[in-house]
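Report on the following structure.
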Number of protein chains: 2
Amino acid sequence: MATVTAAEKRDQAKNAYNAFLAVCPSRQLLDRISDKWVVLILCALGGDADGGIGEPAAMRYSELSRLIAGVSQKMLTQTLRALERDGLVTRTVTPTVPVTVDYALTDLGLSLYRTTRRLRHWAQDHMDEVRILREHYDADH
Amino acid sequence: MATVTAAEKRDQAKNAYNAFLAVCPSRQLLDRISDKWVVLILCALGGDADGGIGEPAAMRYSELSRLIAGVSQKMLTQTLRALERDGLVTRTVTPTVPVTVDYALTDLGLSLYRTTRRLRHWAQDHMDEVRILREHYDADH
DNA sequence: GTGCGTACTTCCCAAGAGAGAGTAACTCTC
DNA sequence: GAGAGTTACTCTCTCTTGGGAAGTACGCAC
């Protein structure tokens with residue numbers, strides 16, 4: 001009876017998750033990360049604020065709130081707490097008056113940021129094309 | 001007065017879109033593609049159904065419905081129509097009885113699929129890690 | 001006749017997002 | 001002193017949209 005190597009264990013673990021299945025935990029995780037606020041928050045913390053030139057950096061709640069136009073206080077708080085729970089973001093409270101709270105990507109968060117950054121770029125890079133295709137669709141329907 | 005080259009025009013167009021701004025069209029596009037059903041539909045049409053080994057292929061509505069566990073008829077229809085309008089998916093109706101409708105990725109859809117595939121993989125590959133981090137978070141709160 | 005398949009369409013209700021204001025503690029300006 | 005600003009939330013009410021379920025028309029099998 002051969003023992004299972006660590007690499008084999010990892011392969012088995014991979015095959016155990018299938019996000020197409022509603023009951024699979026990875027599905028719930030995929031549902032969570034396929035969320036517009038998650039995408040924008042990770043991009044902000046990843047340093048995309050000034051067009052993609054920056055480095056990952058800690059940001060304050062109020063900075064995030066100002067940068068991500070349209071996010072409600074409730075959704076920002078809720079999403080940041082969820083990201084913290086999933087280990088994607090650190091939340092560092094400094095007992096100043098008023099209190100200051102810094103949020104920053106963890107290594108895990110950084111690994112996901114590299115994909116959400118692509119999503120944002122895709123939306124910006126293909127906006128013109130999609131716009132035209134929408135007009136064609138609307139003319140035909 | 002130098003004329004603007006095509007490459008410069010493209011650069012300018014890129015700078016014109018900023019998905020952090022709520023009023024920017026690319027923001028609405030990002031909101032659309034940062035959607036769990038979009039991600040799963042693109043992965044299904046991209047050939048991920050059998051674990052990532054397949055090729056992009058046309059699929060029927062009913063095939064998609066069966067593969068993507070938990071999607072309602074309403075959300076599947078609604079999302080497919082939106083993807084068609086954006087030019088990411090083709091919808092081909094064959095007047096059989098009953099009717100058969102095939103959905104397939106366009107080239108544009110394929111380009112986005114390459115990123116949504118990464119999202120799905122990330123969720124599956126990091127599920128164990130996130131699970132442990134959640135337990136740590138819950139123990140601390 | 002009943003049940004299956006096809007791909008939607010429709011209706012009602014539930015869940016969660018959105019909007020706005022409140023909280024505490026402090027600082028600054030008039 | 002009053003009022004406005006800052007910080008990062010918390011709370012309440014309203015509205016939007018997703019979820020759930022059933023309906024539609026036609027052909028085929030039993």
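Below, chain A is the first sequence line, B the second, and so on; all start at residue 1. Heavy-atom basis, side chains included; hydrogens, waters and symmetry copies ignored.
Proximity note for B/Lys36 (side chain, C-beta onward) versus C/dA25, D/dC9, D/dG19: the nearest is D/dG19. Residue B/Pro98 has its side chain nearest to C/dT6 when only C/dT6, C/dG18, D/dA8 are considered. In the set D/dC9, C/dT6, C/dC8, D/dC9 carries the atom at the smallest distance from any side-chain atom of A/Tyr103. Closest to the B/Gln78 side chain, of the nucleotides D/dC9, D/dG18, C/dA7, is D/dG18.
At a threshold of 4.0 Å, the pair B/Asp138-B/Arg134 does not count as salt-bridged, since none of the basic side-chain nitrogens sits closer than that to a carboxylate oxygen.
As a whole-Å value, the separation of A/Arg91 CZ from D/dA8 P is 10 Å. Whole-Å rounding puts the A/Lys74 NZ to D/dC11 P distance at 12 Å. Atoms CG (A/Leu80) and C1' (D/dT10) sit 15 Å apart, rounded to a whole Å. Between the C1' atom of C/dG5 and the CZ atom of B/Arg60 lies a distance of 9 Å, rounded to the nearest Å. One can place CG of B/Leu67 at 14 Å from P of C/dA7, the figure rounded to the nearest angstrom.
Around the CZ atom of A/Arg117, the shell of radius 6.0 Å holds more than 12 heavy atoms that belong to other residues, nucleotides or ligands.
Remark: the backbone N or O of B/Ala123 is not paired with any side-chain donor or acceptor of A/Ser26 at under 3.5 angstrom. Between the side chain of B/Arg131 and the backbone N or O of B/His126 there is no donor-acceptor pair closer than 3.5 Å.
With the nearest nucleotide of DNA chain C identified for both A/Ser72 and B/Tyr61, B/Tyr61 has the one nearer the 5' end. Two residues, A/Val97 and A/Gly70, neighbour DNA chain C, and the one matched to the more 5' nucleotide by heavy-atom proximity is A/Gly70.
Side-chain N/O atoms of B/Arg66 include none lying less than 4.0 angstrom from OP1 or OP2 on C/dG5.
Within 4.0 Å (heavy atoms only), B/Thr77 reaches at least one base atom of the nucleic acid.
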